[in-house]
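Working notes, structure below.
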Amino acid sequence: MDKKTAAAVLDEIGTLLEIMGENPFKTRAYGNAARTLLSMPGDLDDIIRDTGLKGVKGIGEGIRERILELHSNGRSAYYEELKAGIPAGLMDMLRIPGMGPKKAKTVYDALGIADIGELEYACHENRLVELPGFGLKTQEKILEGIAFIKKHSGQSLYPAAMSEAEKLIGPILGSGTVIRASIAGSLRRRKETVKDIDVLVSSDDPAAVMELFTTLPDVETVTSRGDTKSSVILKSGIAADLRVVTDVQYPYALHHFTGSKLHNTAMRGRAKDMGLKMNEYGLFRGGEEAPVPCADEAEIFKALGLSFIPPELREDMGEIAAAEKGGLPLLVEETDIRGVLHVHSLYSDGIDEVAELAGAARKMGYGYLGLTDHSPSAAYAGGLKPDDLLRQQAEVDAVNAMYTDIRIFKGAEVDILGDGSLDYAEDVLKGFDFTICSIHSRFNMTEDEATARLVRAVENPYCTILGHPTGRLLLSREGYPVNMKRVIEAAAANGVAIELNAHPLRLDIDWREIMYARRLGVKIAINPDAHNIEGLKVVGYGVGIARKGWLSKDDVLNAMTADELAGWFRSRRK
DNA sequence: GCCGTTTTCGGCCCGACTGTTTTCAGTCG
């Protein structure tokens, strides 16, 4: 082992000890020793041969032994023992500005949070503010810190990329140098995460557009700049490409740059079978110079004998065959959503009052709100004991009496316990209009265990909706492994709906799984999982994913009216 | 854990800054 590696191990031992709350002078001693070692001339072999590391100021008997062990064995039993006792994600957290060993230890001890993804989610749920030494500012600072370290991580969540894209396209459209402009790529297809932002414009003055694009205030660096294509990195860390074409080429280019690659390949194959050649500049009939004229994408599809395929569906998952037969669903729109069903109030880990939430939902045009505070096992989230529930439900009655145009359904987000049973007794469960049942603990399961746990929950007669079925947090935490096909089949057999959690970090159930649920007639509930009024606004992200899953209005539980839904809830209970 | 030494255990770098406190704890450099 070389000097540098050995020093790094010593440093890490110091950090691990610090997290464990060891004497700060002891932890510092490891850091000092690491620095001392690094500053010594020669490589580790030489140092040990020449001095045996004896009489070096800053390296005493204890640390000397550790270095000798590292040198001879290439490893340290002490280091490995320490490491085994502390989750790797906790070490990761120290990369967050403002997050040191003490704070990391606190969130781990108090909330069991062991990686950055969980930490970020916990901040969004206001779970940090109550911890000793923490407050609202600290929580915000940690969120900013997480955003900072995520900056150059390669992938971005849809909302972040979309808001950046809008900042680009606004000035471009407003400049007067472009004829048409659109966001393209995976962002236009509404993928849950995207690698970069693609912008397509048509213009008679490409040079002017390039100049404008590469000098926008949000641009950090220009990675390439040509006549028709430029690439930049934005200050937010997201990469963005701009492509300029003529206005005649625009529809073909828009289709081409929207992708997906697989969809394009399939489309080109189809064109070829019809004696046509298709690329980003046009659709060409055998050897002709001028393309088959198409004013927009719809005309391209029409020229190929297809109905219009919405961008969300262009994933080569059967959309071309369906479009040929006119069999594409009329996709659900955000305006089809009549109410919101997964909302936390001040009673558990939300921060707004029931009446405030109801008022906000009403203003947003929703006809109902399903109140779903946590059950007791979610102690970190202030899960409600039966007594608390009585008070909460009495308040719901009072709020319901206040309004004629919005209805509060009494629900709960009931924890699915380790064995698949639910976290309330039957007499309590009876009192709800509906339940969302979800897993919040014991994530370490095999696929068989997780699947059995979910299936058992779904088979419970008091389970109305299965919540965020994989528990994933996008770009940060894998969900538990689930055989989703079997879970969907269980939901179908038991008349249980499945949640599409619309929080942009979750978007869970995955859109790739939704089609099967639709085929089996399982209703999908597009739920905000809101912990405050602001959180009600994420439903649109869920609608985007529902569209990618081919859902139409009729497949979506909360596209029902309040009366229809009340009837549906009642019918589940029979 | 290291150092220095009145050789057996007490002291070890600290100030700016922030945020949470009500006199201090934690982070950063």
Side-chain angles (χ1 to χ4, degrees), chain A residues 1 3 5-40 44 47-48 51-73 75-87 89-116 119-120 122-151 349 351 380:
Chain A
M1 176 174 290
K3 202 167 65 178
T5 313
V9 171
L10 294 179
D11 244 322
E12 207 179 326
I13 289 175
T15 311
L16 290 164
L17 290 171
E18 219 179 338
I19 292 175
M20 289 169 65
E22 257 288 3
N23 176 348
F25 299 104
K26 178 173 170 178
T27 66
R28 197 180 302 160
Y30 276 93
N32 289 339
R35 243 174 298 119
T36 303
L37 186 62
L38 275 180
S39 67
M40 293 175 79
L44 196 55
I47 295 168
I48 289 175
T51 69
L53 276 176
K54 285 189 181 156
V56 181
K57 193 173 180 300
I59 299 178
E61 229 4 75
I63 293 183
R64 176 173 166 268
E65 287 299 327
R66 309 224 184 281
I67 298 173
L68 291 180
E69 190 195 352
L70 282 168
H71 177 245
S72 56
N73 298 346
R75 43 196 293 252
S76 157
Y78 180 64
Y79 167 63
E80 281 167 17
E81 186 190 328
L82 286 175
K83 233 181 129 152
I86 288 171
L90 214 52
M91 297 293 289
D92 247 356
M93 274 188 213
L94 303 181
R95 296 190 294 127
I96 303 167
M99 195 82 182
K102 294 280 161 46
K103 287 203 157 65
K105 177 83 167 9
T106 302
V107 295
Y108 179 58
D109 284 349
L111 304 172
I113 291 168
D115 70 47
I116 293 174
L119 182 66
E120 181 176 18
C123 288
H124 287 304
E125 291 188 334
N126 295 303
R127 283 162 56 192
L128 266 53
V129 287
E130 297 299 331
L131 298 178
F134 286 66
L136 207 54
K137 282 268 178 62
T138 309
Q139 184 171 274
E140 282 167 10
K141 219 179 143 192
I142 289 172
L143 272 179
E144 284 167 19
I146 292 172
F148 178 81
I149 62 168
K150 275 193 174 172
K151 227 174 164 184
D349 59 348
I351 57 172
Y380 64 85

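In what follows, chains are A, B, ... by sequence order, proteins preceding strands, each numbered from 1. When reading the values below, keep in mind they use all heavy atoms of this one structure, side chains included, and skip hydrogens, waters and symmetry mates.
- One P atom belongs to B:dG1, the other to B:dT5, and the distance between them is 22 Å to the nearest Å.
- Going from atom CD1 of A:Ile67 over to atom C1' of B:dG1 covers 12 Å, rounded to whole Å.
- With hydrogens and angles ignored, the 3.5 Å screen pairs no side-chain donor or acceptor of A:Arg127 with any backbone N or O of A:Val107.
- Base orientation of B:dT7: syn, since the glycosidic angle falls within 90° of 0.
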Please write out each protein N/O paired with an N/O of nucleotides 4-14 of chain B under 3.5 Å, distance rounded to 0.1 Å.
residue, atom, partner, partner atom, Å
B:dC13, OP1, A:Arg28, NH1, 3.4

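- The CD1-C1' distance, from A:Ile63 to B:dC3, rounds to 12 Å in whole Å.
- Pair assignment for B:dC17 gives B:dG26, based on Watson-Crick or G-U wobble hydrogen-bonding distances that are each under 3.5 Å.
- Taken to the nearest 0.5 Å, the CG atom of A:Leu90 stands 10.0 Å off from the CD1 atom of A:Ile116.
- In this structure, A:Val56 reaches the sugar-phosphate backbone alone: every heavy-atom distance under 4.0 Å involves primed, P, OP1 or OP2 atoms, never a base.
- Rounded to whole Å, atom C1' of B:dT18 lies 13 Å from atom CD of A:Glu140.
- A distance of about 12 Å separates the C1' atoms of B:dG29 and B:dC13, rounded to the whole Å.
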Per-nt protein contacts along nucleotides 19-29 of chain B (heavy atom under 4.0 Å; B base, S backbone sugar-phosphate only, - none) come out as SSS----SSS-
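- For the pair A:Lys83 (side chain) and A:Glu12 (backbone), a donor-acceptor distance under 3.5 Å is absent.
- The same atom, P, is picked in B:dC17 and in B:dC9; the two are 42 Å apart, to the nearest Å.
- Spacing between atom CD of A:Glu65 and atom P of B:dC2 amounts to 10 Å, rounded to whole angstrom units.
- Taking a cutoff of 4.0 Å between a charged side-chain nitrogen and a carboxylate oxygen, A:Glu69 and A:Arg66 do not qualify as a salt bridge.
- Taking the P atom of each, B:dC2 and B:dG15 are spaced 27 Å apart, rounded to whole Å.
- With A:Leu44 as reference, A:Leu37 is the one residue of A:Thr5, A:Leu37, A:Leu68 to meet the side chain to side chain contact (heavy atoms under 4.5 Å, CB included) rule.
- Put simply, OG1 on A:Thr138 and CE on A:Met99 are 10.0 Å apart, with the number rounded to the nearest 0.5 Å.
- Atom CD in A:Glu61 sits roughly 13 Å away from atom C1' in B:dC3 (whole-Å rounding).
- In this structure, A:Leu17 reaches neither bases nor backbone, as no heavy-atom distance under 4.0 Å exists between it and the strands shown.
- By the neighbour-count criterion of 12 heavy atoms within 6.0 Å, atom CD of A:Glu80 is densely surrounded, having more than that number from other residues, nucleotides or ligands.
- B:dA16 and B:dG11 have their P atoms separated by 25 Å, given to the nearest Å.
- Annotation: the span from A:Leu128 atom CG to A:Lys103 atom NZ amounts to 10.0 Å, rounded to 0.5 Å.
- Using atom C1' as the reference point in both B:dT18 and B:dT23, the two lie 15 Å apart (nearest Å).
- With C1' as the reference atom, B:dT20 and B:dG26 are 10 Å apart, rounded to whole Å.
- Rounded to the nearest 0.5 Å, atoms CD1 (A:Ile59) and CG (A:Leu53) are 5.0 Å apart.
- Using a distance-only test at 3.5 Å, with no hydrogens or angles considered, no donor-acceptor pair links the side chain of A:Glu18 to the main chain of A:Thr27.
- In this structure, B:dT8 is classed as syn because its glycosidic torsion stays within 90° of zero.
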